[in-house]
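Shown next, in structure tokens, is the structure this report addresses.
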Amino acid sequence: MEKNLALVDCNNFFVSCERVFRPDLEGKPVIVLSSNDGCAIARSNEAKALGIRMGEPWFKVKDLPKYRDVVVFSSNFPLYSDLSNRVKYLLADFSPVQEVYSVDESFLDLTGFDDVKERMVAIRETVAKRIGIPVCVGVGPTKTLAKLANYVAKKHPRSKGVFHYNVLTEQQKSGLLKQIPIDEVWGVGRRLNRSLISRGIETVYQLREADIRTMRSRYGVVMERLISELRGISCIDMVDVSPPKKQILSSRSFGGVITEIDDLENAIAFHATKIGKQLRRQHSIAGMVHVFLMTDRFRKDKPQYHPHVSLPLIDATNSTIEINRYAMMGLHRIFRPGYEYRKAGACVSELSPESVFSPDMFTDPKRRKIMQVMDEINDRFGNGTLRLSQDDMMHRRWRPKVDRVSPRYTTSWDELAECQ
DNA sequence: ATCTGGCTAGGAC
DNA sequence: CTAACGGTCCTAGCCAGAT
């Protein structure tokens, strides 16, 4: 039996989050910048219409006269994740099967409901009314077609934000797919797009009708699945609980040039702390720690150095202290004076469930207690109350640039109070 | 003959 | 004032070496 899989996608999500608390920005060009106020990573429809591209480095174009009235925000992730959670919880009411796909997207299985179209409209209206975020809903027999239906819902004003692919006739489906360029398909990125076009495949219809054996031998299983999905044969299942991560990475570009080892220590300690917290939250322990540094890859005139080191942990752990200890060893191993560093990061891999850990006779159980106590104190009195000595907020000279961040309206009483 | 880890490519958002 | 281009995560496919 044909499924009704829905993809609910928030429109221009980060911009919409900013607009929830700034309704005066409705109808205006608004963008949100990446970390360090680097690139445009969310754009309102007005900003898109002006020609601002996804991922565009803002400093390069911000002085163009046509962008004079663009309203610019630094990214405010505490705000976006909070609103993201609220949307997720609301959506859960509309189906027993939900897969949270990303910060702004959920799949919902609407199979078996006899009021699919009404539900799609209700989802849109409820999220708009209760949270103030505009969403579009697409329904199809497979995840790939649900995503495509969502694209149609977003693109065509006549759909009013919802599009139900399954109720089309075969002729209508083909007609629709003939109008959609292949790079709108989930899984077709820049490279595949170019390669397919060079073989004369330009529309989703042509891709759906392509010979699946040839395509598989040329492009691999991913392409085979993709084409099957376009034909309505489901190959990508819904996953209800997201599996634990297999690697956790934390990195940041610096606000300016960094040359000193103690500043790098400060940055790496910050990343180790973040990673430890995340590991414990998902009840994993790590077997390997990686550290890397980077100079400015855009400055071809300066000496480049992009070292990376991986250290196996003797005992797998999720202790911030242990991870930091190894990360510091790694940092000192790769650091070379005389370079202008622009970015540093740490990563853990070889993750396994906490329950696997079997303390041997040399492992002091008290040491594991320390992290528990640290988490409790920081939860109660705020992050950074108890921290690594190197992770000192007052000496974060590497701090990324954040010029235009909005208040954390929903997660900080202090910042809410500062609003008029 | 098969499994494994290391590595690169490509992609999503 | 000036310099300035993000951060995280995943799978497939290939190769070499180990079992």
Side-chain angles (χ1 to χ4, degrees), chain A residues 7 9-15 31-43 52-63 72-77 80-81 84 100-107 143-144 147 150-151 182-196 216-226 235-236 239 242-258 267 270-271 274-275 278 282 284 287-288 290 292 294-302 308 310 312 340 342-351 400-403:
Chain A
L7 177 68
D9 190 320
C10 301
N11 303 351
N12 317 328
F13 183 54
F14 297 167
V15 163
I31 63 171
V32 174
L33 299 180
S34 63
S35 168
N36 221 14
D37 291 346
C39 305
I41 52 168
R43 306 154 297 153
I52 303 174
R53 287 172 327 201
M54 184 61 170
E56 183 145 43
W58 183 237
F59 77 93
K60 280 186 163 181
V61 297
K62 72 183 177 57
D63 292 324
V72 181
F73 287 95
S74 302
S75 39
N76 182 348
F77 280 98
Y80 310 149
S81 358
S84 168
V100 176
Y101 176 67
S102 75
V103 67
D104 73 328
E105 287 169 78
S106 279
F107 287 102
K143 283 175 153 185
T144 304
K147 282 217 123 198
N150 190 286
Y151 161 81
I182 41 166
D183 60 345
E184 297 301 338
V185 175
W186 194 28
V188 178
R190 263 216 327 269
R191 292 290 298 268
L192 261 183
N193 186 237
R194 254 188 295 146
S195 171
L196 289 169
R216 161 152 193 168
S217 63
R218 205 167 278 161
Y219 294 103
V221 270
V222 176
M223 179 58 76
E224 182 182 29
R225 282 202 285 256
L226 199 157
C235 303
I236 308 172
V239 280
S242 56
K245 299 203 169 107
K246 297 177 176 179
Q247 53 176 323
I248 296 172
L249 181 145
S250 175
S251 69
R252 208 109 316 174
S253 297
F254 305 141
V257 160
I258 290 292
F270 169 88
H271 296 306
K274 258 192 68 179
I275 288 170
Q278 260 204 82
Q282 72 163 27
S284 295
M288 190 89 91
H290 316 257
F292 62 91
M294 292 176 70
T295 48
D296 190 340
R297 65 195 159 105
F298 297 103
R299 293 293 299 267
K300 305 290 186 210
D301 54 323
K302 298 224 162 156
H308 173 278
S310 305
E340 298 187 343
R342 286 304 309 215
K343 180 173 177 168
C347 178
V348 290
S349 61
E350 319 268 276
L351 306 195
K401 197 165 75 167
V402 186
D403 277 349

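Below, read A as the first sequence line, B as the second, and so on, with proteins coming before strands; counting in each chain starts at 1. Just so you know, these numbers use all the heavy atoms, side chains as well, and skip hydrogens, waters and symmetry mates.
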Is it true that a side-chain atom of [X] and a backbone atom of [Y] form a donor plus acceptor pair closer than 3.5 Å?
X: Ser81(A); Y: Phe77(A); answer: yes
X: Arg252(A); Y: Pro400(A); answer: no
X: Asp104(A); Y: Phe13(A); answer: no

Need one value for [X]: base, sugar-phosphate or nothing, where a base atom within 4.0 Å counts as base even if backbone is also close, heavy atoms only.
X: Val103(A); answer: nothing
X: Tyr101(A); answer: sugar-phosphate
X: Lys62(A); answer: base
X: Glu56(A); answer: nothing
X: Trp58(A); answer: nothing
X: Lys60(A); answer: base
X: Gln278(A); answer: sugar-phosphate
X: Asp37(A); answer: nothing

Check: Taking the nucleotide of DNA chain C with the closest heavy atom to each, which residue, Arg297(A) or Lys401(A), is nearer the 5' end?
Finding: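 So the residue in question is Lys401(A).
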
Notebook entry, point to check: Start at the 5' end of DNA chain C and walk down; is the nucleotide closest to Arg225(A) or to Arg252(A) reached first?
Noted result: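 Residue closer to the 5' terminus by nearest nucleotide: Arg252(A).
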
Next item on the list: State, to 0.1 Å, how close Gly255(A) and Asn36(A) come at their nearest heavy-atom pair, and which atoms those are.
Entry: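 What the structure gives for the nearest pair is CA-OD1, 3.5 Å.
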
Notebook entry, point to check: Looking only at heavy atoms, which two atoms of Ser74(A) and Tyr80(A) are closest? And how far apart?
Noted result: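 Minimum heavy-atom contact is O-OH, 3.8 Å.
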
Next item on the list: Can you sort out which residues in residues 242-251 of chain A have a heavy atom within less than 4.0 Å of DNA chain B? Ascending by number, please.
Entry: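 The stretch gives none, as no residue of it lies under 4.0 Å from the strand.
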
Checklist line | Nucleotides bounding contact with chain A, strand DNA chain C, heavy-atom threshold 4.0 Å | finding: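 It runs dA3(C) to dG13(C).
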
Next item on the list: Indicate the ring-plane relationship of Tyr101(A) and Phe107(A), choosing parallel, tilted or perpendicular according to the 30° and 60° boundaries.
Entry: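 The arrangement is perpendicular - the two ring planes meet at more than 60°.
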
Between [X] ([atom1]) and [N] ([atom2]), how many Å, whole number?
X: Ile41(A); N: dA12(B); atom1: CD1; atom2: P; result: 17 Å
X: Met223(A); N: dG10(B); atom1: CE; atom2: P; result: 13 Å
X: Lys143(A); N: dA12(B); atom1: NZ; atom2: P; result: 14 Å

